[in-house]
Amino acid sequence: MTPAARVQTAIECLDRVVAGEAAERVLTAWARGARHAGSKDRAAIRDLVFGVLRRWWSSAALGGGEDGRSRMIGYLRATGIAPHTLFTGAGYGPAPLGADEGAERPAPDRLADLDCPAWLAPRLEASLGPSFEPVMRTLQDRAPVFLRVNSARADVETARTVLVQDGIATRPSPLSPSALEVIENARRVQTSAAYRDGLVELQDAASQAVVDMLPLDGVTRILDYCAGGGGKALALAARTGAKIHAHDADPRRLVDLPPRAVRAGAEITVVPPAGLRDDARYDLVLVDAPCSGSGAWRRSPEGKIRFTRDRIAELTALQGRILEQALRHVAPGGVLAYVTCSMLDDENSQRVEALAQHAPVERLVDRQFTPLDGGDGFYCALLRHEPGGR
């Protein structure tokens, strides 16, 4: 496919996203029917679609409209590419620019320029303070790819050496001693020998830093209460010989964890919802709660576009219920670790404060990571369940 043909295909995909379809579903459906497209074409079209998603409002302002074509024109302008060089009508590319499309556009207003939902801006500004604008700028670009070196299989330098054999270059991340940032050939990771043999896992560096914060001295039983795919459970298994149980309200999210654990040489017991007894107690309970995902909007920009006031109300209520439920499984003197990939105080410190108003917990430490630290945005609070509590 020519570059112009890729642009036209991305426009068609974006029109379906504008109409309400999920971007991943649109791209998957297109790829299945596009036998003429090679792997480089699919990757390039995906990058174009996600590039526009990250700049959803600014691309519309710079392109003069909200359909896929206008947004693509605006995105190209924002990234320093002259649209008329691709909008030629040749080689299955988009039709030439009309007079209005080629006209100079006024600069977007402040929030559109930052690609921030207007309704959410006051909450984000209150949560991020002076970092608000720099963080929003960072979310307009693609996130780095990070790996976690599995210390049960290899040290960092060994992992880097094995990755180089597959043409994958990395550099250490300051966020965690186990984290490597991929700087060349990130798309080769999942077919590499280092990944196949369990030397590395894909995991954001800030997510690894959160696991580094968890107190493990003297801990013999750990419950990952909202384990999802199990990335943090695997990271914990590499750091401790404690017995680790992985649980999730939706067991389908855990289906890939057993083979991942085998590859990593980790012992993790998957506990279905019905298998978690009311009287089960753990030294450490990790709650990586469902959230807005605002800290990871570089990776999942559609989440920013679809997020609503109703959804944040649903999430904060759910987070409160999950904290209450998880605390019941923390042994007296044990620690409840509350984690989100959000940058909103509504989902973070406010949820901890609400729990502490009536529950026997002592806040030991909390920390907010933002993309300015290098990885995704994460929040982590450690709460001790005071002896004598329920």
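The figures that follow rest on heavy atoms only: side chains count, while hydrogens, waters and symmetry mates do not.
Not a single donor-acceptor pair under 3.5 Å links the side chain of Asp115 to the backbone N or O of Gln140. At least one donor-acceptor pair under 3.5 Å links the side chain of Asp248 to the backbone N or O of Gly228. Judged by distance alone, the side chain of Asn150 and the main-chain N or O of Ala152 form a donor-acceptor pair under 3.5 Å. The backbone N or O of Leu234 lies less than 3.5 Å from no partner atom in the side chain of Arg239, so there is not a single donor-acceptor pair.
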Evaluation steps, side-chain hydrogen bond (donor to acceptor under 3.5 Å, both in side chains), between Tyr379 and Glu347: CA-CA 9 Å; Tyr379 173 81; Glu347 301 183 276; over 6 Å; no

Pair Asn348-Thr340, side-chain hydrogen bond (donor to acceptor under 3.5 Å, both in side chains): steps then yes or no: CA-CA 7 Å; Asn348 297 337; Thr340 74; 2.6 Å; yes

side-chain hydrogen bond (donor to acceptor under 3.5 Å, both in side chains) between Glu12 and Gln8, intermediate numbers included: CA-CA 6 Å; Glu12 293 166 7; Gln8 177 59 31; 3.0 Å; yes

side-chain hydrogen bond (donor to acceptor under 3.5 Å, both in side chains) between His245 and Tyr282, worked out: CA-CA 10 Å; His245 287 177; Tyr282 297 83; 2.8 Å; yes

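Between Arg160 and Glu157, at least one side-chain N (NZ, or NE/NH1/NH2) sits under 4.0 Å from a carboxylate O, which counts as a salt bridge.
Cation-pi geometry between Arg188 and Tyr195 is not met at under 6.0 angstrom from the ring centre and within 45 degrees of the axis.
Taking the six-membered ring for Trp and thresholds of 30 and 60 degrees, Trp297 and Phe307 have ring planes more than 60 degrees apart, a perpendicular arrangement.
Around CG of Asp279, the count of heavy atoms belonging to other residues, nucleotides or ligands within 6.0 Å exceeds 12.
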